Number of protein chains: 2
Amino acid sequence: MTLKELSDLLGLSPTTVSRALNGYPEVSEATRKKVAAAARTHGYAPNTRARALATGRAMAIGHVIPISAKHEMVNPIFADFTAGAGEVYSRNGYDMLMSVVSDDDEEQAYRSFATKRNVDGLIIHAPSLNDGRIPFLNDLGLPYVVHGRSSNATAPYAWVDVNNTRAFQRATELLLDLGHQRIALLNGLEHMDFAARRRAGYEAALASRGINPDPSLMFSGEMTEAQGHDLTRSLLARPDRPTAILVSSIIMAIGVRRGIEELGLTLGRDVSLITYDDDLSYFRNGTDIPVYTATRSSVREAGRRAAQMLIDIINGKDSPTELLLEAELTLGMSTGPARRD
Amino acid sequence: MTLKELSDLLGLSPTTVSRALNGYPEVSEATRKKVAAAARTHGYAPNTRARALATGRAMAIGHVIPISAKHEMVNPIFADFTAGAGEVYSRNGYDMLMSVVSDDDEEQAYRSFATKRNVDGLIIHAPSLNDGRIPFLNDLGLPYVVHGRSSNATAPYAWVDVNNTRAFQRATELLLDLGHQRIALLNGLEHMDFAARRRAGYEAALASRGINPDPSLMFSGEMTEAQGHDLTRSLLARPDRPTAILVSSIIMAIGVRRGIEELGLTLGRDVSLITYDDDLSYFRNGTDIPVYTATRSSVREAGRRAAQMLIDIINGKDSPTELLLEAELTLGMSTGPARRD
DNA sequence: CGTCGAATCCAAAGCGGTTTGAGGGGTTAT
DNA sequence: ATAACCCCTCAAACCGCTTTGGATTCGACG
């Protein structure tokens with residue numbers, strides 16, 4: 001069913017039918033009703049491609065999902081972020097176009113979005129401290145929103161981020177208040193902006209209590225369960241082992257727990273743990289009492305906010321283009337006072 | 001840069017340029033080279049929308065991601081499946097269009113894909129035993145591939161699935177061989193096809209050893225960490241507690257482990273556990289020795305296969321439209337012989 | 001009764017490609 | 001020299017929609 005067929009059926013011109021359906025004022029309310037009814041009964045909806053061609057707007061947002069070439073790993077928060085963003089897109093009539101590429105040719109993917117003109121905007125993930133995509137996209141001239149920030153970027157850009165520094169500072173302070181002095185940090189890759197900020201928060205909290213951060217207690221790497229486990233095992237095997245561990249991802253925290261328990265120790269009593277919690281839908285941190293004490297911020301909500309910001313930008317609204325979400329610190333069963341040796 | 005601009009630049013007609021770029025034989029090799037070079041240096045790529053309109057092919061595949069309305073939960077395997085499918089799409093020049101909808105109006109989403117003609121095919125997930133989407137999509141006339149099967153479907157359809165029955169039968173047999181008699185099953189929602197098949201496999205194995213399945217050991221529900229934990233706690237509190245647990249998801253298995261250890265028991269010694277493992281990239285089951293004994297099948301590979309099958313169907317190749325993958329049973333550290341009481 | 005304006009509706013020109021059907025130029029056979 | 005033929009190339013139509021710039025109708029007003 002095309003517009004022309006529908007208009008023939010109604011004895012109207014395509015113009016009128018198009019206007020009726022798109023809510024233009026030049027058409028009488030009576031015809032509008034008639035047209036709308038006919039469209040519904042005949043199951044007519046405008047062909048997206050034709051409409052996009054005519055309007056110059058693709059009504060689609062692009063997401064590039066880079067796959068770490070070496071580890072073949074998908075970022076686990078991606079599903080939830082996507083779900084949040086997707087909600088907002090649907091509500092606003094946008095499609096979500098996803099491009100899965102190995103992280104070497106990510107730029108190529110953006111360029112291709114731009115030249116093929118099949119999206120109106122982009123969301124980019126996981127920025128590094130000095131992310132080359134920002135100047136690149138500024139040149140490209142396609143609106144975009146960054147999920148996260150890039151501290152060393154010079155050009156302005158729109159972003160939605162969590163206050164990672166504050167979150168880790170507060171978490172560290174809580175551990176210090178509980179009497180912990182040797183606190184390990186199992187962080188993500190620190191060339192990533194979020195990880196660098198988390199470390200800064202951790203160090204700031206230590207510094208404010210006059211404690212020098214001990215490099216041998218700080219780790220930066222892929223946030224996998226296995227990493228969490230292995231690092232914990234080696235940390236706890238040391239004579240000067242830490243009494244508390246600060247972890248950047250709940251998945252890693254699961255590995256930490258396994259490591260602790262393999263040694264016959266008890267989480268929250270022998271060793272304390274605070275983790276960052278993205279509030280992933282398939283891995284909720286307990287139902288009533290949280291399993292882990294955590295700094296939590298919903299990545300799905302971040303997805304919603306980023307999507308809305310991008311749509312606003314595309315539509316030329318001049319709403320704010322920077323949004324800093326705060327994480328909440330929730331007490332769970334993985335923390336307790338430091339024990340005297 | 002449009003085709004016309006490029007052709008003006010080259011002093012050729014749009015026709016010739018288009019043919020040159022699309023590999024038609026009517027154009028000389030010399031011009032083809034020249035055109036290709038110019039396209040590259042000027043960064044020209046055909047506008048997807050215009051091309052789609054002209055050819056009648058969208059060069060895009062639709063995925064509908066239903067969000068469980070009550071639990072706001074995204075299927076955790078979705079990210080990895082998507083990553084696998086996306087690889088194949090990129091390689092074949094297809095885009096991936098994702099539509100996130102509440103699971104009530106999923107049909108509406110398919111219908112909208114069909115009438116708006118912005119995809120050439122669909123992949124559908126998580127079929128139930130008698131999935132209404134299959135007859136619906138057969139009517140709709142848009143090619144599709146099902147990830148999973150729908151046992152009670154009458155009409156034919158293309159699918160990629162894992163042999164869930166065999167996987168759970170073998171897992172149960174292994175536990176029986178280890179001397180376990182009381183084996184609990186923590187399954188997914190059994191109106192879902194995969195869960196029904198897993199249960200059938202479990203029951204078949206018990207039956208072949210003359211054991212009557214005990215309904216009080218069988219559970220069907222959302223496969224969350226919390227569920228795994230809570231069910232394990234209540235199972236192990238019983239006087240006639242099971243000595244082994246069969247679990248449908250590695251995420252749930254993590255909860256089971258937590259429950260076991262909270263009771264001061266040891267996994268693999270006091271209680272055995274076998275889990276289904278989708279080989280999720282962000283939750284690999286151990287590095288060298290698997291943490292959990294598991295029936296494993298890569299959902300990412302399933303994504304690749306399903307995508308390839310769909311593309312073949314769209315292109316009218318008559319390759320097979322049914323694919324049953326086998327899961328491998330890998331021995332990890334969560335199983336051991338049943339202990340005499 | 002003629003004129004004006006508002007209210008409707010329409011024809012036609014794009015949007016940026018692909019594709020059909022035909023034409024132009026250069027070789028070779030007659 | 002002409003015809004026959006092969007290569008290349010092109011003009012124009014078309015895909016399905018939006019949108020500009022009229023055209024038409026009708027009631028109101030002077």
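This structure is a prediction, so every number in the text was calculated from the model and none was measured. Below, chains carry the letters A, B, ... as their sequence lines are ordered, and counting in each starts from 1.
Between A/Asp193 and A/Ser150, the side chains place no donor N or O within less than 3.5 Å of an acceptor N or O (distance only, hydrogens not considered). In the model, B/Asn22 has a side-chain atom that pairs as donor or acceptor with a side-chain atom of B/Arg51 under 3.5 Å. A/Tyr144 and A/Asn138 share a donor-acceptor pair across their side chains, judged by distance under 3.5 Å alone. Between the side chains of B/Asn315 and B/Arg57, at least one donor N or O sits under 3.5 Å from an acceptor N or O. Using modelled atom types and a 3.5 Å distance limit, the side chains of B/Thr15 and B/Ser18 yield no donor-acceptor pair.
Per the geometry, NZ belonging to B/Lys4 stands 11 Å off P belonging to C/dG16, to the nearest Å. For B/Leu6 and C/dT18, the CG to C1' distance is 15 Å, given to the nearest whole Å. To the nearest angstrom, P of C/dG14 lies 18 Å from CG of B/Asn47. What separates CG of A/Leu12 from P of C/dC9 is a distance of 7 Å, to the nearest Å. Separating the CG atom of B/Leu3 from the P atom of C/dC15 is a distance of 13 Å, rounded to the nearest angstrom. One interatomic measurement links the two molecules: CZ of B/Arg51 to C1' of C/dG16, which rounds to 11 Å at whole-angstrom precision.
By the 4.0 Å N-to-carboxylate-O rule, B/Glu106 lies close enough to B/Arg133 to be salt-bridged with it. Between B/Glu87 and B/Arg300, at least one side-chain nitrogen of the basic residue sits less than 4.0 Å from a carboxylate oxygen of the acidic one, meeting the salt-bridge criterion. Between B/Asp161 and B/Arg149, at least one side-chain nitrogen of the basic residue sits less than 4.0 Å from a carboxylate oxygen of the acidic one, meeting the salt-bridge criterion.
Across its full length, the helix from C/dC1-D/dG30 to C/dT30-D/dA1 shows an angle of 70° between the axes of its 5 terminal pairs at either end, rounded to 10 degrees.
Of the residues in residues 17-39 of chain A, those lying under 4.0 Å from DNA chain D by heavy-atom distance are A/Ser18, A/Arg19, A/Asn22, A/Tyr24.
A/Thr15 comes within contact range of at least one nucleobase, with a heavy-atom separation under 4.0 Å.
Environment of CG in A/Asp139: crowded, with over 12 heavy atoms of neighbouring residues, nucleotides or ligands closer than 6.0 Å. Within a 6.0 Å radius of CG in A/Asp104, more than 12 heavy atoms belonging to other residues, nucleotides or ligands are found.
Residue whose closest nucleotide on DNA chain D sits further toward the 5' end, between A/Thr55 and B/Ala50: B/Ala50.
Within the structure, a side-chain polar atom (N or O) of A/Thr16 is placed less than 4.0 Å from OP1 or OP2 of C/dC10.
First and last contacting nucleotides of DNA chain D toward chain A (any atom under 4.0 angstrom from a heavy atom, 5' to 3' order): D/dG16 to D/dG21.
Using the six-membered ring where Trp is involved, A/Phe136 and A/Tyr110 have ring planes that are tilted, between 30° and 60° apart.
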